[in-house]
There are 2 protein chains.
Amino acid sequence: MSISNRQLEERKMRQDRILLGALDVFKDKGLDGATMDEIANSSGFGKATLYYYFKSKEEVLSAILEDGWRNIWESLEPVIAEQDSPRKTFVNVLIKIAENAQNRPGLFEFLFNVPKAIKLDKQPWKDYQHRLYAVIQGLLEDGVKKGEFPQVDPQLMFKALGGLFMGLVFMGDRKEPVTDKDVESLLNELITDPKINN
Amino acid sequence: MSISNRQLEERKMRQDRILLGALDVFKDKGLDGATMDEIANSSGFGKATLYYYFKSKEEVLSAILEDGWRNIWESLEPVIAEQDSPRKTFVNVLIKIAENAQNRPGLFEFLFNVPKAIKLDKQPWKDYQHRLYAVIQGLLEDGVKKGEFPQVDPQLMFKALGGLFMGLVFMGDRKEPVTDKDVESLLNELITDPKINN
DNA sequence: ATATGATTCGAATCTTAAGTCGAAATTTAA
DNA sequence: TTAAATTTCGACTTAAGATTCGAATCATAT
């Protein structure tokens with residue numbers, strides 16, 4: 001016998017535990033400030049063990065990002081799949097994203113903010129990111145075309161959303177996480193349905 | 001005789017030159033990626049000379065940020081001082097910021113993005129940043145209260161406008177100065193003014 | 001002209017943190 | 001039971017890069 005199924009699962013759990021600890025340290029100390037020693041402590045393993053599960057510090061970071069983005073994307077797929085009006089789908093997508101954010105707030109903020117600090121491309125998670133942006137952009141354009149949104153330039157709308165969701169806040173500083181209240185007001189106040197409106 | 005006036009000025013010029021070179025490197029390589037050797041090259045001094053003018057790499061960064069933020073703040077003070085309606089003042093503030101950004105685009109993007117990557121507080125430039133934040137937030141709140149803006153949660157509007165404005169100023173390669181019309185349409189396109197609306 | 005102080009710099013040192021090593025502990029499977 | 005495979009880890013090595021040193025150059029004032 002080689003590797004049992006349970007063994008694989010346990011290995012995965014340990015990896016996840018490492019990733020969890022690493023996320024804490026990354027958030028606290030920043031990408032470069034975080035050391036493998038701290039990550040080892042924070043995740044409850046010895047430093048060398050980290051290298052048994054991951055090739056490098058960079059790979060630890062990559063794993064966090066890819067896991068996170070894949071989860072977001074996979075949670076969105078069904079919402080996108082069911083063919084609704086652009087507006088309905090758009091709303092559902094936002095709600096689903098907010099849901100994700102609620103489940104793991106720290107991770108979510110990290111996922112949306114870290115890409116700005118990263119230099120090298122060819123990261124597999126960027127693919128998920130681009131897909132998500134493309135979908136949102138497309139929904140906005142379709143919705144506006146069909147008159148389901150106010151006549152807002154989709155580009156502008158997208159950037160405004162960026163302000164909300166990607167922590168691209170005016171002062172680079174206070175990056176409070178997005179709450180479901182934010183999303184609700186966004187829906188109710190920013191995107192009042194013109195048909196309903198008057 | 002101790003230090004002549006001209007000597008002081010020249011010293012300041014050399015410091016500025018270092019800061020200029022440092023900014024290039026920081027933008028290119030990131031805060032941690034930048035090395036003092038590169039900064040030395042890029043500014044045309046020997047490495048040890050940098051330490052004659054600045055105590056540490058961190059102090060070089062601090063100097064860039066403090067200089068930059070102080071300049072922004074000082075250029076805004078007169079605009080804020082003249083007592084106009086919140087909306088007018090708000091628009092003028094945005095215009096003035098855009099003006100600054102146009103003058104030294106690289107610096108401004110840096111100023112607005114770097115804080116996200118910085119950990120330690122007690123930075124003097126944060127004071128300017130907070131003052132600016134408070135002013136804008138206040139103008140939004142007053143404006144909403146007086147019905148000069150749509151009835152949107154000022155927090156929310158702040159975040160959304162953040163995304164929009166950053167996009168307007170930093171993205172794209174627009175060379176013409178941002179006008180008050182730009183800023184107004186930015187307001188109007190995102191959120192239709194309730195007075196005009198119905 | 002020369003002493004004092006300001007400025008410059010490359011080489012040497014010091015620090016930090018990533019990544020490796022090899023031995024030990026634990027688990028698995030016969 | 002026991003040997004092979006898996007997992008764990010602290011100590012070590014090493015590379016990069018920040019900071020310091022000390023000597024050389026340049027400016028200025030008497």
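For the side-chain hydrogen bond (donor to acceptor under 3.5 Å, both in side chains) criterion with A:Y53, the lone passing option out of A:Q15, A:R14, A:E59 is A:R14.
For B:Q7, the side-chain atoms get nearest to C:dA6 when compared with the rest of C:dA6, D:dT6, C:dG19. In the set D:dT19, D:dT7, C:dA18, the nucleotide with an atom closest to the side chain of A:Y53 is D:dT7. Comparing D:dC9, C:dA18, C:dG10 by their closest approach to the side chain of A:Y51 singles out C:dA18. Distances from the side chain of A:T35 to the nucleotides D:dT7, C:dA18, D:dT19 place C:dA18 closest. Across D:dT7, D:dC9, C:dG19, the shortest atom-to-atom separation from the side chain of A:R11 is found for D:dT7.
Computed from coordinates, the B:L61 CG to D:dA18 P distance equals 12 Å when rounded to whole Å. In this structure, A:K57 atom NZ and D:dA15 atom P are separated by 19 Å, rounded to whole Å. If you take CE of B:M36 and P of C:dA12, they are 20 Å apart, rounded to a whole angstrom. In this structure, B:K29 places its NZ atom 14 Å from C1' of D:dA16, rounding to the nearest Å. As a whole-Å value, the separation of B:I39 CD1 from D:dT19 P is 10 Å. When rounded to the nearest whole Å, the span between CD of A:Q15 and C1' of D:dT7 equals 13 Å. Summarising the geometry, the separation between CD on A:E10 and P on D:dT8 is reported as 10 Å, rounded to the nearest angstrom. Note: CZ (A:R17) to C1' (D:dT8) measures 14 Å, nearest angstrom.
Between the B:K146 side chain and the B:R87 main chain, no donor and acceptor come within less than 3.5 Å of each other.
The environment of B:K27 atom NZ is dense: over 12 non-hydrogen atoms of other residues, nucleotides or ligands sit within 6.0 angstrom.
Residue A:T49 is classed as a base contact, given a heavy-atom separation below 4.0 Å to a base.
The nearest heavy atom of DNA chain D to A:K47 and to B:A34 marks one nucleotide each, and the one closer to the 5' end goes with A:K47. Checking A:G33 against A:A48, the closest nucleotide of DNA chain C that is more toward the 5' end is the one next to A:G33.
Distances shorter than 4.0 Å separate some side-chain N or O of A:Y52 from OP1 or OP2 on D:dT7. In this model, the phosphate group of C:dT28 is approached by a side-chain N or O of A:R6 to a distance below 4.0 Å at OP1 or OP2.
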key: A:D24 and A:S42: CA distance, side-chain angles, deciding distance, side-chain hydrogen bond (donor to acceptor under 3.5 Å, both in side chains) verdict   = CA-CA 8 Å; A:D24 282 345; A:S42 135; 4.8 Å; no

Full working for salt bridge (charged side-chain N to carboxylate O under 4.0 Å, His left out) between B:E99 and B:K96 = CA-CA 5 Å; B:E99 236 174 76; B:K96 181 58 80 178; 3.2 Å; yes

